[in-house]
Amino acid sequence: MKYHIVSLGCPKNKVDSERFAWVMESAGWKYSEEPEKSDLVLLNTCAFIAPATEESLEYLSDIIYWKKARPGRKIVLAGCLPGRYRDDGSGGMEDIDLVIGPGDWRKLSSWLGVASDVTAQVVGSGSYRYLKIATGCSNGCAFCTIPAIRGKFVPDRMDAILRDSDLLVQQGAGEIGVVAQDSGSWQEDGTDITSLVETLAARHPETWWRLYYLHPLHFPYRMLDAFSKYSNILPYVDLPIQHASSSILDRMGRRHGVKTLETIMEKIERSAVEVAVRYTVITGYPGETDSDFKLLRDFLGRYPSGRHIAAFSWYPEEGTREYSRAIAMGDAVNDSVASERLAALSAVGDALYADWDNRLDGRELSILADDTHSGHTVWDAPEVDAVVSFTKSVESGSVVKARVVESSGAVIVAEPVR
Ligand code: SF4
């Protein structure tokens, strides 16, 4: 019997999909790249924002069509879509054989008849993989649906994290991204996130370690020292600042002001190693004035460590606190103003890249080859940041020394030197 998994959304969903795959394999199923040749399709959905929900529903309708084409085919619906829109009994779910919430591999294993006391592991391959260290989030930002979908922050146990890290390394991962909704909040019996990442880096010294999703409120300042203590902890800070006006941060429910952001960035600038920061921000937030926006734009352009800006326009997401408040206050930012502000941030992002282009030009860098002709640097996360094109073929999965012959924003060309 063959199965196929469609995994939508963020790296955290990818880890859940790898766990689901392990459960399927334990029950004797074999993975197929082709849904047409499969007897079961597991759709692991994302419903973080309305466009992601729409994408998940489109996939679901395709898969229902696939099921109707041959009797006996099965559908498992997993992830945030059922987590957010629970079956209210009004119908429409009859084509789905099993519905499971985000990461609920136990329900899948009991449906398949696999012993549920077995701890699920991850299966997969690739030069970079992800290691999930917690589920959920307790921050309750006013614009976000995650706590309602995934529940409160629950850290994974350190022994389980170490076991998963061993597996990922055995399966050939050259880089492992450590992920959670709020990674800085992870702790166990006095061990904090920095000690955890240092333990992982010492245990697997040949592997690159990249930490994602550092909420400024729980920023692990000691991590900046870890960057210089361990060459395999990548000097990359994924910083969802969301805004740089204290009044907007307050309305977002972020529980810190702009001073916290300045402190973090000033410490990063003084770091002993060259650090790249990836900012995530929301513009066009209800109540955002021209001067709020100027504060955000100026902040993003201020620090040389800033390398990437992932900017989004605020979206009226049903079920969030801001959705009803913006309606009640009638102060949502007009769409055309929001688009103009987004475009202005894109220009700031281009200027940051231009500065980095000058710094990278002609330098010899270590680059992880994701295949024989492309890879990524320590300052660029796979899939979302800059991609390196090699001028000649290299060994996939290896760390290649290469000289930058051209750097143009998210595209770097590099010549392998040995
Ligand atoms: S910290 Fe992130 S996941 Fe948690 S509520 Fe805020 S935006 Fe959502």
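Note: hydrogens, waters and symmetry copies are ignored here, and every other heavy atom, side chains too, is used. This structure is a prediction, so every number in the text was calculated from the model and none was measured. Residue indices begin at 1 and follow the sequence shown. First listed ligand is number 1; within each ligand, the first listed atom is number 1.
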Q. How are the rings of Tyr221 and Phe219 set to each other: parallel, tilted or perpendicular (split at 30° and 60°)?
A. perpendicular
Q | Sequence-distant partners of Arg363, salt bridge (charged side-chain N to carboxylate O under 4.0 Å, His left out), two or more places apart | A |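 Listed in chain order: Glu274.
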Q) Could you give all pairs that pass the side-chain hydrogen bond (donor to acceptor under 3.5 Å, both in side chains) test and reach residues 54-67, with sequence neighbours left out? A) Lys67-Asp97
Q.
Looking at Asp192 and Thr194, would you say the former's side chain and the latter's main chain have a donor-acceptor pair under 3.5 Å?
A.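 Looks like yes, one N/O pair under 3.5 Å.
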Q. Are the side chain of Asp370 and the backbone of Ser127 linked by a donor-acceptor contact shorter than 3.5 Å?
A. no
Q) Counting only protein atoms, how many N/O/S atoms are less than 2.8 Å away from atom 6 (Fe) of ligand 1? A)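 Protein heteroatoms (N, O, S) closer than 2.8 Å to atom 6 (Fe) of ligand 1 number 1.
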Which side-chain N or O atoms in residues 142-157 pair as donor and acceptor under 3.5 Å with protein atoms at least two apart or in another chain?
| from | atom 1 | to | atom 2 | distance (Å) |
| --- | --- | --- | --- | --- |
| Thr145 | OG1 | Phe48 | O | 2.9 |
| Arg150 | NH1 | Asp16 | OD2 | 3.4 |
| Arg150 | NH2 | Asn13 | OD1 | 2.6 |

